[in-house]
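In what follows, every chain begins at residue 1, and chains take the letters A, B, ... in the order their sequences are listed.
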Number of protein chains: 2
Amino acid sequence: MSGMTKPASKSLAPEARPYHHGDLSRALVEAAQRILEKDGPAALSLRAVAREAGVSPAAPYHHFKDKGELLEAVAHEGWTALDAALTAARQKAADANERMTGLGVAYVCFARDNPAIYRVMYDCSRDKDSLPDQLKDDGAYCQVRNTIDERSGGTVSEIDLELATIAAWCAGHGLAEMIGFKQFDPLKEALGGEEAFLRAVFEHLGMFARLDQG
Amino acid sequence: MSGMTKPASKSLAPEARPYHHGDLSRALVEAAQRILEKDGPAALSLRAVAREAGVSPAAPYHHFKDKGELLEAVAHEGWTALDAALTAARQKAADANERMTGLGVAYVCFARDNPAIYRVMYDCSRDKDSLPDQLKDDGAYCQVRNTIDERSGGTVSEIDLELATIAAWCAGHGLAEMIGFKQFDPLKEALGGEEAFLRAVFEHLGMFARLDQG
DNA sequence: AGATAATCTTTGCAGCGTTTAGATGGATTT
DNA sequence: AAATCCATCTAAACGCTGCAAAGATTATCT
């Protein structure tokens, strides 16, 4: 018992973390994501997150003022991930029309593959009555608008561009919220799979109808 | 104390309801609606509903197997109300195009004016991964499909009709979920009000683009 | 080295959904 | 009319939740 007590306790029991965690906020966000993926949004209590991170139920309150603020952090990472998914889809597309449809399909697929996080993203937005500012500065929303602008050759008015972006965004969100609904199953089958169904719906939306005729 | 005790206790103290309520399920649904309108979905606990209805916290369990089943009853009435709103909008429209846009505007306005009930309606649907069957049998969904069918003169294929209905429905739902978002405020102002904004978005969707060209 | 501030734990409170056991009283049978 | 049955209600309790207050622990700064 001379001198080496502290490092020894660390190396001998690596799971017994020190009193000060080091980066608990990060650990909490990751714990929340783990719970969301495993058991869904209903299981996401602050206490469960603390449990998963291995700290006391009150510990999170030193990093987030309440549960909502932790969820906001989770949502923030969700929007970043969505942004990345849209960027990837945009680069994969050939022509302008395909690029737009691909963006829509990628959006809905993100929601389908990350339903719990997608839920949290919009729950947070609704609490604040606004989408995060994150989206405006070269984020996901901006990508959609840019894609529409490119397709029209940059000749469309600012208002029409904004309206078309909103229309596309709303359609994508609506479809994202319902993509798992059983009512669509026969149609998905008839069209040869879920992605084909998505493309068909987006094509029916004809989001450029007005831009093309004006 | 002779003979008249029972009616006397009723007429003398009308707020002291008898041990057996009479129609508690109905009273509970109405209590839930009252709470939703007054304090929003976050305040809607089963206990609060029981309190509002003047019964014990366990009383609801004799009429609904759990909280979700009560919410389903509330949602059911919500869909019926939405149905009525769409019917009214449909009858007010002149030509076929106007009828379709009017339907969309009416849909979103219903969600804007009854945000809490609208939330419950879709929360329930999501729990079951399906929209209620209610919509298919001459309900709201059916109204949209019929309107699209009428507009196209009944010449459109079954699959295209279904796809167009889904597209329109998703766009309406997406817009309904975001209509209150602050990002839209400048645009609403620029277009001269919220309803004008809604019309503009729906026109941008050009929901008949594909039907017209095929 | 000692003080300060940040971080974590313990304890506690009120509210939640739900279950169990018991009270009440209308309806049905005898 | 009396006894029975059963739907309906209440009371009490369990484990969960979000959150606040107060105390313990440790890093950091002077």
For this session: Please confirm whether the backbone N or O of B/Leu131 pairs with a side-chain atom of A/Gln183, one donor and one acceptor, at under 3.5 Å?
Result: yes
Problem set entry | Salt bridge A/Lys128-A/Glu69, side-chain N to carboxylate O under 4.0 Å | no
Exercise. Is a side-chain donor or acceptor of B/Asn114 paired with a backbone partner of B/Phe110 at a separation under 3.5 angstrom?
Worked result: yes
Problem set entry | Contact list for DNA chain C against residues 63-78 of chain A - heavy-atom distance below 4.0 Å | A/His63
For this session: Go through A/Glu203 and A/Thr101 one step at a time and tell me if the side-chain hydrogen bond (donor to acceptor under 3.5 Å, both in side chains) criterion holds.
Result: CA-CA 7 Å; A/Glu203 280 162 16; A/Thr101 307; 5.1 Å; no
Exercise. Would one find a side-chain N or O of A/Arg51 under 4.0 angstrom from OP1 or OP2 of D/dC16?
Worked result: no
For this session: Taking only the side-chain heavy atoms of A/Ala48 (C-beta and beyond), determine which of D/dT10, D/dA20, D/dT17 contains the nearest atom.
Result: D/dT17
Exercise. Any sub-3.5 Å donor-acceptor pair from A/Gln134's side-chain atoms to A/His76's backbone N or O?
Worked result: yes
For this session: Please report the shortest heavy-atom distance between B/Ala32 and B/Val74, naming the atom on each side.
Result: CB-CG2, 3.8 Å
For this session: Tell me what B/Ser56 touches on the nucleic acid: a base, only sugar-phosphate, or nothing, going by heavy atoms under 4.0 Å.
Result: base
For this session: Measure from the side chain of A/His62, starting at C-beta and using heavy atoms only, and say which of C/dT7, D/dC9, C/dT18 lies closest.
Result: C/dT7
Seminar exercise, completed: From CG of A/Leu24 across to C1' of C/dT9 the rounded distance in Å is 13 Å
Exercise. A/Arg47 side chain N/O closer than 4.0 Å to the phosphate oxygens (OP1, OP2) of C/dC16?
Worked result: no
Seminar exercise, completed: A/Leu28 CG to C/dC8 C1', in whole Å, measures 12 Å
For this session: Check the distance between C/dT10's P and A/Tyr61's OH and give it to me in whole angstrom.
Result: 17 Å
